[in-house]
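Let me begin by presenting the structure, written as structure tokens, before commenting on it.
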Amino acid sequence: MAEEGIYRSRLEPAFPEATRYASSMKEDSWILDEDIEATIAHDFMLMKQGYITEEQFRKIVYAIKKLLENKHLIQVDAEKYEDVHELIESFIIREVGMEIGGLVHTARSRNDQVVTAVRLKTRREVFRILKEILDLEKALLKKAQDTIDILFPFYTHLQQAQIAPLSHYFLGYFDIILRDFDRILDSLKRINLNPLGSVAIVGTSLKIDRELTTRLLGFYGLLENSFDAVSSRDFILEVVSNLNILMLNLSRMMEDFIIWLTSEFGFFTLPDELAFPSSAMPNKKNPCILELARARSGRVFSSLTQLSMAYKGIPSGYVRDLQETKPPLIEAFETVRETLRIIRIVIENLHENRDRIRSSMEQSIVALDIAERIIEEAKIPFRLAHRLVGEMVKQSIKKGKSFRSLGEEELREASLRILGKDISRLLTSILSKRDELLVSLRSSRGAGSQSNDMRMLQERKKTLEEYYAKLDRMIEEDNLAKKTLEKHVKSVVEDFAFS
Ligand code: ARG
């Protein structure tokens, strides 16, 4: 019991209210497995260094095994402990006595212990997020493939701007979210470093082997300076910042579909299975999932705010404020993972209404494409072509005619007024070019045209495969590290296994 817990050698028992307020037990179940893994690696290292005998190590591991088998008891006891670290050590001491159990925490402090577990867990949570990102990316590519033949109005200022294949939109989001993947993956370099062995703040005189625990726990390297190692949580701020950017991107994408799902737009239909009704209006079909995904970006931003507030201005070295970095980190991971998953399901199940998309387009949406044809074929400066087409749009509105059906006479008038010469025959022929043809002429790199999108799609399919393979390798490495640690332990404790 924390009230008279194992750490309180110079202190009277704590008030239960004090323990309850200080305790991180609620959020610590998140790092339970990682804390046990790091404890085993640490004690294995202590055994190799001669601080613990094989027999003692065996007893310690048996106690840990018993704890793993009785995980359900942990919540029952939750209120009594300051944190999971105290719980684990207390449990071992209770099981095997102080003589042996008291060795477990040699050359370690909760200060290096907690941040070791959090770094390990963060590494794994990052892998889960990266996997969800790739699954969403796959859905976006599939959607791009299926919509390459649909001409779609692209918007600026939420006003119709230009047409391009709908695939161009999905390919665009593929690239946006791939950058999120890259950012989160890159942060792994700074997350996956080993603080263990830094002890309370300036290390130890005991002969520990930090390189060994680095290898045993699958860290990419050592977080060398002991003071930095126990003091810093910039890796948490970094990963949550990256998650925040990802959520902002997803939120914008959701907003697009919320607009396109309105009856005014009607570009897409959501299957009933992903829509929600009204308790009052029997006619309603609401895109609640998309709205929530949009709103939940706020949760991740608030995680980042909480972290920043907890971190700002605290003195260097461990302070208990750092405990408060766990809950927002956990919440950010959970929110992002669930959001990625549901958005993937939404993308997979969205139905595009081709007729509605087609009929919504203003004829003048090709105005810039027409102006570019005039530049190419009449060799006049862009600004004049802009004026001429602008005049044509204006006349068509004034005369209540559609842009494409301006007659030779009207075109001559416009041409003479703006250019001082008559190119009405050329204009008539350009105006008669079909949308598909105008779009197909967009051959500049990255422009929205079928041939471009086709190429981009093929390249990105390959990229996605490479990303999946890379991620699989990293997860495999992580599993292998755990397996190797298990094997090492097994060489001393035959029937040991994680889970
Ligand atoms: N529960 C603490 C945390 O999550 C563990 C470290 C406590 N260290 C200390 N010196 N009180 O941060």
Side-chain angles (χ1 to χ4, degrees), residues 1-39 42 67 74-75 77-93 104-125 191 193-204 217 223 226-237 239-240 303 306-333:
M1 292 210 289
E3 289 93 78
E4 42 193 77
I6 54 173
Y7 304 144
R8 302 186 70 85
S9 36
R10 66 151 283 184
L11 298 178
E12 294 303 319
F15 290 147
E17 293 88 342
T19 306
R20 207 170 308 129
Y21 191 76
S23 177
S24 58
M25 275 304 294
K26 238 190 276 149
E27 61 264 26
D28 278 356
S29 56
W30 187 67
I31 50 165
L32 174 72
D33 287 338
E34 278 68 21
D35 200 36
I36 286 176
E37 193 177 332
T39 297
H42 181 71
L67 177 66
I74 291 173
Q75 283 319 315
D77 278 352
E79 294 242 310
K80 300 183 195 158
Y81 298 99
E82 259 192 71
D83 48 37
V84 74
H85 319 298
E86 184 184 21
L87 179 141
I88 294 173
E89 194 184 341
S90 306
F91 186 93
I92 298 171
I93 291 172
V104 167
H105 206 56
T106 310
R108 193 175 68 165
S109 152
R110 280 184 296 167
N111 298 353
D112 61 341
Q113 182 178 0
V114 65
V115 72
T116 301
V118 171
R119 282 177 181 272
L120 274 178
K121 182 69 179 186
T122 301
R123 170 175 95 203
R124 288 172 183 154
E125 291 286 339
I191 293 166
L193 299 172
N194 184 18
L196 193 60
S198 299
V199 199
I201 184 157
V202 290
T204 177
L217 293 170
L223 202 61
S226 61
F227 152 73
D228 168 28
V230 296
S231 199
S232 302
R233 297 292 187 275
D234 52 328
F235 72 101
I236 296 181
L237 282 159
V239 75
V240 175
S303 287
Q306 287 176 60
L307 287 164
S308 306
M309 295 316 287
Y311 208 62
K312 176 196 150 299
I314 52 175
S316 309
Y318 181 86
V319 284
R320 199 63 176 256
D321 308 52
L322 293 175
Q323 180 168 291
E324 289 295 300
T325 60
K326 266 177 286 174
L329 177 62
I330 297 169
E331 161 138 74
F333 275 131

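Whatever order the structure lists ligands and atoms in, that order sets their numbers, starting from 1. In this chain, numbering begins with 1 at the start of the sequence shown.
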Ligand 1-proximal atoms of Gln113, by part, heavy-atom distance under 4.0 Å:
neither
Determine whether the side chain, the backbone, both or neither of Glu82 has a heavy atom under 4.0 Å from any heavy atom of ligand 1.
neither
Write out the residue and atom name of the closest protein heavy atom to [atom], then the distance separating them to 0.1 Å.
atom: atom 11 (N) of ligand 1; result: Arg110 NH2, 3.5 Å
atom: atom 7 (C) of ligand 1; result: Tyr318 OH, 3.4 Å
atom: atom 2 (C) of ligand 1; result: Gln323 OE1, 3.2 Å

Please examine the side chains of Tyr311 and Glu324, heavy atoms only from C-beta on, and report whether any two atoms are closer than 4.5 Å.
no
Salt bridge present between [X] and [Y] (N-O < 4.0 angstrom):
X: Arg124; Y: Glu37; value: yes
X: Arg8; Y: Glu86; value: no
X: Lys121; Y: Asp35; value: no

Ignoring hydrogens and geometry, is there a side-chain-to-backbone donor-acceptor pair from His42 to Thr106 under 3.5 Å?
yes
State the atoms of ligand 1, each with its element, that fall below the 4.0 Å cut-off from a heavy-atom position in [X].
X: Lys326; answer: 3 (C), 4 (O)
X: His85; answer: 5 (C)
X: Arg320; answer: 11 (N)

Return a yes/no value for [X]: is any of its N or O atoms, backbone included, closer than 3.5 angstrom to an N or O of ligand 1?
X: Asn111; answer: yes
X: Asp83; answer: yes
X: Ser24; answer: yes

Do Arg119 and Phe235 meet the cation-pi criteria used here (NZ or CZ under 6.0 Å from the six-membered ring centre, within 45° of the axis)?
yes
Only residue of Arg110, Lys326, Gln323, Gln113 satisfying side-chain hydrogen bond (donor to acceptor under 3.5 Å, both in side chains) with Asp83 is Arg110
Strictly by modelled atom types, are Asp112 and Thr116 linked by a side-chain donor-acceptor pair under 3.5 Å?
no
